[in-house]
Amino acid sequence: MTQPPFPSTAHSSACTCALHARRLFTGGLLAGGALLAWPALAREGVEVGARSSFANIVSADQIEQAAGQQYRQMQQQASQKNALAPADHPQLVRLRAIAQRLIPYTYEWNERARQWRWEVNLIGSKQINAFCMPGGKIAFYYGILDQLKLSDDEVAMIMGHEMTHALREHARERMGKTMATRGAIEIGAALLGLGGGGRLAADMGGQLLTLQFSRDDESEADLVGMELAARAGYDPHAGVTLWQKMAAASQGAPPQFMSTHPSGPTRIKDIEKNLPKVEPLYARAARPEQRFEPPKPQARPASANDRPSN
Ligand SMILES: [Zn+2]
């Protein structure tokens, strides 16, 4: 059975835990005395809002399993088209090196991430796109590296952004919302294992690749992603140049990425405003030992001019 990833910390009034017992006790002893409250321990870094309760409609296990299946399918399809970069492709080596630096800082945002089997793959496609599915399944499309000529710092920003969607369970929340509004009887039966569960998993998996995040999710992904990158030793100012490049690439036909990641008009301003919160983290962070270059012209994987079909 599954258990909630974020156990409730609320205490009932009848609670007899040590914390409350002690409070009752000192309350008696110190009644009437002037107590100095400890200042709340401020967490260093960015601030985000509370999770939506819609996330609880679908279990984390279920959605991670569905994502894993979908990811495997995508890999197979790309591989059949010779569009899955081999492990020694310089840009895949680069992506995996950057991911390895960020991953240790993800645990703070979601305990489950310690157990995830994180994966990073590079898809031979001209599309400007990247994603991280629930459970830490990351893919970059070659076009985002090639067309935007991303620096390592900018790659780290995108990766942190995508990881945040998975860590903060934005897909789980969106699907919960969809299900809540789509008449829950059939779905409820499926979730309880009364049939249709397999179809539901496939359905969820299918949705994962086309899921459109909300602007709030986007803003959260920008900020938390920036913090992950800064802690991993990547310059958070790259958030500004990255989105400038993305905006420039959006003239005319917006990249696939922008359709699933809607940006508000204040995206770059919000990133700039939050830079002071992560600059100290970056200043203290160990710098990456290895630096990589963006793709050189004509280094693209062979026969990789389109995305794998769904
Ligand atoms: Zn996003």
Side-chain angles (χ1 to χ4, degrees), residues 46-49 51-52 54-55 63-64 67 70-71 74 95 98-99 102-103 105-106 109-110 113 116 118 120-121 123 125 127-141 143-145 147-148 150 153-178 207-230 232 234 236 238-250 254-274 278 307:
V46 300
E47 289 152 43
V48 297
R51 291 172 73 245
S52 155
F54 280 113
I63 203 157
E64 286 167 17
Q70 186 68 31
Y71 190 76
M74 180 211 70
L95 291 173
I98 295 171
L102 268 71
I103 287 169
Y105 302 102
T106 63
W109 294 97
N110 188 336
W116 286 352
W118 289 90
V120 185
N121 275 289
I123 308 293
S125 162
Q127 277 192 47
I128 295 179
N129 206 359
F131 60 79
C132 177
M133 289 162 95
K137 307 296 188 200
I138 300 169
F140 271 64
Y141 288 60
I144 199 169
L145 301 170
Q147 295 193 48
L148 303 188
L150 297 181
D153 298 311
E154 291 162 346
V155 169
M157 287 294 300
I158 287 269
M159 201 172 285
H161 176 109
E162 292 307 318
M163 285 172 162
T164 303
H165 283 309
L167 294 167
R168 297 284 294 169
E169 303 186 299
H170 291 155
R172 190 179 165 202
E173 182 183 318
R174 300 226 73 72
M175 278 187 195
K177 249 179 209 168
T178 307
Q207 284 181 54
L208 284 169
L209 288 178
T210 51
L211 209 62
Q212 188 181 352
F213 295 114
S214 72
R215 288 189 174 181
D216 283 349
D217 291 347
E218 281 306 297
S219 160
E220 196 170 282
D222 283 346
L223 302 190
V224 175
M226 181 162 76
E227 181 182 316
L228 293 173
Y234 294 102
V240 176
T241 55
L242 165 68
W243 293 108
Q244 284 168 345
K245 286 181 178 182
M246 199 72 90
S250 302
Q256 177 72 15
F257 188 85
M258 301 305 276
S259 69
T260 47
H261 300 254
S263 132
T266 60
R267 168 168 249 157
I268 290 177
K269 275 202 190 95
D270 291 342
I271 289 174
E272 281 171 338
K273 201 171 70 195
N274 279 276
V278 297
R307 71 181 300 200

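These numbers were taken from a predicted model, which means no experiment stands behind them. Below, each value reflects all heavy atoms present in this structure, side chains not excepted, and no hydrogens, waters or symmetry copies. Atoms within each ligand, like the ligands themselves, are counted from 1 in listed order.
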statement: Correct closest heavy-atom pair for I138 and M159 would be CD1-CG, 4.4 Å
field: Proximal heteroatom of H165 relative to the Zn ion (ligand 1) (N/O/S)
entry: NE2
message: Distance alone, cut at 3.5 Å: any donor-acceptor contact between the side chains of E220 and T164?
response: no
- line: Minimal heavy-atom distance between A166 and N110, with the atoms involved, is O-ND2, 4.3 Å
message: Under 2.8 Å from the Zn ion (ligand 1), is there any N, O or S atom belonging to H170?
response: no
message: By the definition side chain to side chain donor-acceptor pair (under 3.5 Å), identify the one residue from Q212, H161, H170 that meets it with E218.
response: H161
message: Let me check your reading of the structure: within less than 2.8 Å of the Zn ion (ligand 1), is there an N/O/S atom from E218?
response: yes
